[in-house]
Amino acid sequence: MSDNEHKNDNPNKNNKKNKNKKKIDRFEKERLKKLEVIEELGHDPWGQRFDDHMKIAQARELAPAENGETGQDVRIAGRIMNRRKAGKLRFYDLKDWSGRIQLLFSRGELPEEQWSLMGQLDMGDIIGIDGKLKRTDSGEISVFVEKLTILCKSLTQPPEKHHGLKDPEILVRQRYLDLIANDDVIPRMLNRTKIIDSIRQTLKGKDFHEVETPVLHAIAGGAAARPFLTHHNTLDMELFLRIAPELHLKRLMVGGIERVFEIGRVFRNEGVDTTHNPEFTMIEIYQAYGDYNSMMDLTEEIVCNAIDTISDTRVLPWGDQTVDFNSPWSRKTYTELFEEHAGCDMNDHEAVLKLAKELHFETDGVHHDVIVNEIFEEKVEDHLVGPVFVIDYPASLCPLTKRKKGCPEIAERFELFIQGMELANAYTELNDPRLQEELFETQLSGLSDEDSMAKMDTDFVKALKVGMPPAGGLGIGIDRLVMLLTNKTSIRDIIFFPLVRSEEGPNSKKSDKK
RNA sequence: GAGAGCGUAGCUCAGCUGGUAGAGCAACGGACUUUUAAUCCGUAGGUCCAGGGUUCGAUCCCCUGCGCUCUCACCA
């Protein structure tokens, strides 16, 4: 990337920047004045380590039950979210990552110096408090402040206290403001962490071992997607960001690691929308001596355990509907679902062609199974409210999957659908190196290179020749799982920093002036 | 990548076929010792996303660019 690409800012951006700078000054100036007073009073406006404080949620639990009782001494820390005045009393709302609590400063009870220090506080400042737990006349749990410690002066104006922050652009670009202003964001994102923790726990309890494999791939295999391209300078080597960890994990099974999984980021150079982010987190799990049936059981267990860590019930809300995750989940074959929703036998070529024409699909020179799959995606997937395992796919669509015994046109593959979303994908893994090599070479007519999962990887075939045990393999899209379990229809709500167009650096379109 | 919509004060939002802008909260000054979206009085705060065009005059109409949102396409 050349320098002039960066310097080539358009006038719009410069203006915006200048405008912002001018506007910020007005509020920043006021706060800088207070910062100076804080220093004059002998305090560090940027604070120091603050030991032995408790979570606000914990403090709330220790509060006395009745008005008039004096509770224990507590030390807490957090950010000022709101404040109210009533005569010589000041009420502040303090927030930490566990919750909120009210502070009460009383002119009559605080030393003069502390009262002046309090006068320099603004919304958004981070402070530490020592005080006593009590209730106010109206019964509100409060910390009656005895000592105020400045931990960090905030120089910017926080978002509106009642309506919060709504602008979807600011929410994502400045996620920290979203976290501060909207109280549901931290618990939701911590639920994401809990779900991932639970998955690890389930797997570790079954003797699966977590590993890390390369993100930089010479061949972007293991899935059908367009990769991101990058370059290694000293090796002068073209590299891809991985689109799936599959082929490396299988190499590990060749080497004798029998139960293995990886949770990691994969990258797909595709469109961005409410269910797709260019980088997303997936887990892939491989179990030697298993098959896709073992993976179905495992999927149910992983998801149900995850639900149990964040919910008391396995019937979860999804928009205005609910999803019942109670076991067992239904299992239906691709063939029967096709017949049920598309209305014809998927092996009846004439009927399939007719249907495809009605749907205005291109059929000339396109492989029968590719047409069938397009119809499946159009007519069937929306009906898969689930949870439902769709099993036994047309083999030609699955170049990494073992064929059903005695049934070479069917692959032992399942996909898990919930509310029409594809959540998991699993195979009985193909371990026949000769068939694998053949399938890598077979490009289905009508599929473009990048739409095909079959990318020749001779090193992988070499590995299979050494011998990989029969195995089940499973991939789960973590982001979508979190969306489903937390009732969020946009992937942007469960990824801290989803991709957004850069605000400053111009993209290549704008930089072709020179 | 295609189409539609949106961009007004720090934040949330009003703004009538076109006559250069308002509210609430926040800020600043003041009153008030149990408030909790506190209340009351006062003050200040704007390149109406950017550039160009039409017009006597543009936040408003037209064109271009940037960004966001939604729908569709590709994909998980």
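A note on names: the letters A, B, ... follow the listed sequences, proteins ahead of strands, and every chain is numbered from 1.
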How many Å lie between [atom1] on [X] and [atom2] on [N], as a whole number?
{"X": "A/Glu422", "N": "B/C74", "atom1": "CD", "atom2": "C1'", "value": "14 Å"}
{"X": "A/Phe105", "N": "B/U35", "atom1": "CZ", "atom2": "P", "value": "18 Å"}
{"X": "A/Asp167", "N": "B/G67", "atom1": "CG", "atom2": "C1'", "value": "10 Å"}
{"X": "A/Leu32", "N": "B/G10", "atom1": "CG", "atom2": "C1'", "value": "15 Å"}
{"X": "A/Lys95", "N": "B/A37", "atom1": "NZ", "atom2": "P", "value": "17 Å"}
{"X": "A/Arg242", "N": "B/A76", "atom1": "CZ", "atom2": "P", "value": "17 Å"}
{"X": "A/Lys166", "N": "B/C6", "atom1": "NZ", "atom2": "C1'", "value": "16 Å"}
{"X": "A/Phe27", "N": "B/G46", "atom1": "CZ", "atom2": "C1'", "value": "12 Å"}

query = Looking at residues at least two apart in the chain, or sitting in another chain, which of them share a ring pair (Phe, Tyr, Trp, His ring centres under 6.0 Å) with A/His163?
reply =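 Partners of A/His163 under the ring pair (Phe, Tyr, Trp, His ring centres under 6.0 Å) test: none.
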Mind checking [X] for me? I need base, sugar-phosphate or nothing, with any heavy atom below 4.0 Å counting as a touch.
{"X": "A/Gln102", "value": "base"}
{"X": "A/Gly475", "value": "nothing"}
{"X": "A/Asn277", "value": "base"}
{"X": "A/Gly477", "value": "nothing"}
{"X": "A/Lys134", "value": "nothing"}
{"X": "A/Thr274", "value": "sugar-phosphate"}
{"X": "A/Ile170", "value": "sugar-phosphate"}

ask   = Any ion pair linking A/Lys34 and A/Asp122 (charged N to carboxylate O, less than 4.0 Å)?
value =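 Looking at A/Asp122 and A/Lys34, the cut-off is met.
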inquiry  = Quick test of your reading of the model: are A/Glu30 and A/Lys33 salt-bridged, counting only N-O distances below 4.0 Å?
reply    =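 Looking at A/Glu30 and A/Lys33, the cut-off is met.
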Using atom [atom1] in both nucleotides, what's the gap between [N] and [M] to the nearest angstrom?
{"N": "B/C60", "M": "B/C6", "atom1": "P", "value": "13 Å"}
{"N": "B/G15", "M": "B/A9", "atom1": "P", "value": "15 Å"}
{"N": "B/C63", "M": "B/C25", "atom1": "P", "value": "40 Å"}
{"N": "B/G42", "M": "B/C11", "atom1": "P", "value": "27 Å"}
{"N": "B/C16", "M": "B/G22", "atom1": "C1'", "value": "14 Å"}
{"N": "B/U47", "M": "B/G30", "atom1": "P", "value": "28 Å"}
{"N": "B/G10", "M": "B/C72", "atom1": "C1'", "value": "37 Å"}
{"N": "B/C28", "M": "B/G45", "atom1": "C1'", "value": "10 Å"}

Going by purine N1 to pyrimidine N3 plus the second Watson-Crick contact, or the G-U wobble pair, all under 3.5 Å, which nucleotide sits opposite [N]?
{"N": "B/U71", "value": "B/A2"}
{"N": "B/C61", "value": "B/G53"}
{"N": "B/A9", "value": "none"}
{"N": "B/C48", "value": "none"}
{"N": "B/U33", "value": "none"}
{"N": "B/A76", "value": "none"}
{"N": "B/A27", "value": "B/U43"}

key: Over 12 foreign heavy atoms within 6.0 Å of CD, A/Glu109   =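 At most 12 heavy atoms, drawn from other residues, nucleotides or ligands, come within 6.0 Å of this atom.
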query = Given that A/Arg492 and A/Met421 both sit by RNA chain B, which one's nearest nucleotide is further toward the 5' end?
reply =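 First, find each residue's nearest nucleotide; the 5'-ward one identifies A/Arg492.
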query = Starting at the 5' end of RNA chain B and moving along, which residue's nearest nucleotide shows up first, A/His163 or A/Thr136?
reply =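 Its nucleotide being nearer the 5' end, the pick is A/His163.
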Tell me whether [X] contacts the main-chain N or O of [Y] through its side chain, where contact means a donor paired with an acceptor under 3.5 Å.
{"X": "A/Asp167", "Y": "A/Glu169", "value": "yes"}
{"X": "A/Glu284", "Y": "A/Glu246", "value": "yes"}
{"X": "A/Glu262", "Y": "A/Thr213", "value": "yes"}
{"X": "A/Arg413", "Y": "A/Cys398", "value": "no"}

Among [options], which is the nearest nucleotide to the side chain of [X]?
{"X": "A/Ile491", "options": "B/A76, B/A27, B/C68", "value": "B/A76"}
{"X": "A/Ala224", "options": "B/A76, B/A27, B/C25", "value": "B/A76"}
{"X": "A/Leu165", "options": "B/U34, B/C11, B/U69", "value": "B/C11"}
{"X": "A/Ser142", "options": "B/C74, B/U35, B/C28", "value": "B/U35"}

Indicate whether OP1 or OP2 belonging to [N] is found under 4.0 Å from a side-chain N or O atom of [X].
{"X": "A/Arg173", "N": "B/C68", "answer": "yes"}
{"X": "A/Arg26", "N": "B/A9", "answer": "no"}
{"X": "A/Lys161", "N": "B/C25", "answer": "no"}
{"X": "A/Lys29", "N": "B/G10", "answer": "no"}

request  = Answer yes or no for A/Lys132 and A/Phe144: cation-pi contact, defined as NZ/CZ to six-membered ring centre under 6.0 Å and angle to ring axis within 45°.
outcome  =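 The answer is no, since A/Lys132 fails at least one limit relative to A/Phe144.
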query = Looking at residues 78-91 of chain A, who's got a heavy atom less than 4.0 Å off RNA chain B?
reply =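 Per residue number, the list reads A/Asn82, A/Arg83, A/Arg84, A/Lys85, A/Ala86, A/Gly87, A/Lys88, A/Leu89, A/Phe91.
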message = Would you say A/Gln174 and A/Tyr176 are linked by a side-chain donor-acceptor pair, where the criterion is simply a distance under 3.5 Å?
response =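 Yes, A/Gln174 and A/Tyr176 have a side-chain donor paired with an acceptor closer than 3.5 Å.
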Atom pairs and distances, donor-acceptor, side-chain atoms in residues 56-71 of chain A, under 3.5 Å, two or more places apart:
| unit_1 | atom_1 | unit_2 | atom_2 | d |
| --- | --- | --- | --- | --- |
| A/Arg60 | NH1 | A/Arg100 | O | 2.5 |
| A/Asn67 | ND2 | A/Thr136 | O | 3.4 |
| A/Asn67 | ND2 | A/Asp137 | O | 3.0 |

inquiry  = Would the base of B/U69 count as contacting A/Glu169 through its side chain, where contact means a donor and an acceptor less than 3.5 Å apart?
reply    =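 Looking at the base of B/U69, it does not pair with any donor or acceptor on the side chain of A/Glu169 (distance under 3.5 Å).
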